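Notes to accompany the following structure.
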Amino acid sequence: MASRWWRWLRGCSWRPAARRPGPGFPGLAGPPGPPAAADAHAQVHRWKGLDLSQIPYINLVKHLTSACPNVYSISRFHHTTPDSKTHSGEKYTDPFKLGWRDLKGLYEDIRKELLISTSELKEMSEYYFDGKGKAFRPIIVALMARACNIHHNNSRHVQASQRTIALIAEMIHTASLVHDDVIDDASSRRGKHTVNKIWGEKKAVLAGDLILSAASIALARIGNTTVISILTQVIEDLVRGEFLQLGSKENENERFAHYLEKTFKKTASLIANSCKAVSVLGCPDPVVHEIAYQYGKNVGIAFQLIDDVLDFTSCSDQMGKPTSADLKLGLATGPVLFACQQFPEMNAMIMRRFSLPGDVDRARQYVLQSDGVQQTTYLAQQYCHEAIREISKLRPSPERDALIQLSEIVLTRDK
C-alpha cells in the first residue's frame, strides 16, 4: 500500500493497472515567474534535491508553501484584457466568447435530445437546461476541439461529433447534479429550488437517469468505439467518486489521497475524458490525446479545490455569513484537512463527520484560524500550472491561449 501511495505522489497512476491516470501530484516547477521571484525560484530547484518519498503528502505541500509563499501568488494570474494579443499573436475577446461561437443553440439542442412525451418528466429533465449555467465544461471541450484540430492539420472547424461531445459533457454533468441533490437532500441550486425539492426524490432520480440515457444515445450515434469507452469511464468514475465521498480514512496521508481521488472521480474525470474524446476525434496522435487528458484532469481538480475554498469564503465576503455546506454534509475537504494539521482535535470531528451539535461551527472556526484556505488555494495553483504546462505543448492558436486563460480564471473566480 505504501509503495502504491508514493507512486501516486510522484505523479504516476493512482491504481497500479489503471486504464488512465488518476489525480496525481502536479509538477513543482510550473511556468517561470516574474524576475522579482528569482530568489523564490532558487527554492524550487532546491526542492528537486528532496527525497519526496520521505515526506508525507500533506506536509510536502506545507513545505512547498512555506519555502516559497509568493512565487505562485494569485496576483500572477492576470486576465488578458479584451481584444489583447495572445501568446499566438492573434486577437480574441475572452475564452467564453471564443468557445461559445461553436455552442450556439447548445441548450436547445440538448432539449431536442430529451425526446419525452410525458409533460412532467419533460419539465423535470429540462429544468436545469435553461441557459443560466456557466457552461464551463462545454466551453472547455469546444476550445480543446479547435486547439487539437489546429495542432493536427491547421483545421479551423469543429466537427459535428466534437460538438456533440460538448453536449454530452453538459448532460452527464447535469444528471450528476440532479442525483447529487437527492443524495445531499439539497433544496436549492443555481438560485432556484432543486428537482427533488419540487418533484420529490424518486422522480428526481428517474429524471437524472433519463438525462444519462439521452446522453448515452447521443454518444452511441457518434459511432466511435474508442470515444464511447472514454466517456463511459466518466459514469463509472462518478459512481465510484460518490462512494468515496460516503467514506472516510483515519490515517492522515490516506485521508488526503482519498480526498484527491474523490475529487478526480467526481469532478475532474468528466473534464479530462471529454477533452480526450474530442482530441481522439480530431487528431490521431496519442501524444495529443494525453495532453488533452492531462489538461482537463489538472484544471478539473483545481476547479474543485477552489470550489471547496469558496465554501468557506464566498458567502463570508459577499453576504457576511458562511455557508459551510460541505461541513454540514459531513465532508472534510482540502481546507479542513490542512487545518487539521494545526488543530489535531479536528480529527475526531472528521471521523464522526461533524455530526455532534456545534461540530460544524467549531470546525469552521478552526479552518478560518488556520492557513487551510491558503494551502488549498496554493495546491489549486499547482494543478493549474501543470495544466498550462501541458496545453502549451500544442501549436499556438487563439483556442490554446484561451484554455491557458481559462485555467487562470479557475483560480480567481468567486462563485
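The structure displayed is predicted, hence computed values, not measured ones.
Between atom CZ of residue R137 and atom OG of residue S274 there is a gap of 9.5 Å, rounded to the nearest 0.5 Å. Separation of atoms CZ (F96) and CG (L103) is listed at 11.5 Å; rounding is to 0.5 Å. Atom SG of C283 is separated from atom NE2 of H289 by 5.5 Å, given to the nearest 0.5 angstrom. To the nearest 0.5 Å, the span separating CG on L98 from CD on E399 amounts to 4.5 Å. Going from atom CD1 of I235 over to atom OG of S269 covers 10.0 Å, rounded to the nearest 0.5 Å. If you take CG on L270 and CG on L231, they are separated by 8.0 Å, rounding to the nearest 0.5 Å.
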Y295 and I140: CA distance, side-chain angles, deciding distance, side chain to side chain contact (heavy atoms under 4.5 Å, CB included) verdict: CA-CA 10 Å; Y295 172 85; I140 286 184; 4.3 Å; yes
Trace of the salt bridge (Lys or Arg N to Asp or Glu O under 4.0 Å) decision for K203 with E120: CA-CA 10 Å; K203 289 182 178 180; E120 184 181 40; 3.1 Å; yes
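When each of Q304, K262, H173 is paired with T267, the side chain to side chain donor-acceptor pair (under 3.5 Å) condition holds for Q304 and for no other. Just one residue in the list D371, T376, L305, T377 forms a side chain to side chain contact (heavy atoms under 4.5 Å, CB included) with P335, and that residue is T376.
A donor and an acceptor atom, one from each side chain of Q405 and D401, are nowhere located under 3.5 Å apart. If you check the side chains of Q365 and D361, you find no donor sitting under 3.5 Å from an acceptor. For the 3.5 Å distance criterion, the side chains of Q162 and D102 fail to qualify, holding no donor opposite an acceptor. Side chains of Q294 and E290: a donor on one and an acceptor on the other come within 3.5 Å.
In terms of heavy atoms, R163 sits closest to G105 at NH2-C, 3.8 Å.
Using a cutoff of 4.0 Å between basic side-chain nitrogens and carboxylate oxygens, R413 and D307 are scored as salt-bridged. We find that K112 and E108 are not joined by a salt bridge, their nearest charged nitrogen and carboxylate oxygen being 4.0 Å or further apart.
Side-chain N or O atoms of S279 include none that pairs as donor or acceptor with a backbone N or O of C148 at under 3.5 Å. Side-chain atoms of R395 come within 3.5 Å of backbone atoms of I150 as a donor-acceptor pair (strictly under, hydrogens ignored).
Judged as a side chain to side chain donor-acceptor pair (under 3.5 Å), the pairs with a partner in residues 348-358 (not counting sequence neighbours) are, in order, R352-D359. Applying the salt bridge (charged side-chain N to carboxylate O under 4.0 Å, His left out) test to every pair with at least one member in residues 168-186, sequence neighbours left out, gives these pairs: D180-K266, D181-R189. Evaluation of the salt bridge (charged side-chain N to carboxylate O under 4.0 Å, His left out) test over residues 123-134, restricted to residues two or more places apart or in two chains, returns K122-E126, D130-K192.
Ring centers of F303 and Y383: at least 6.0 Å apart, outside the cut-off.
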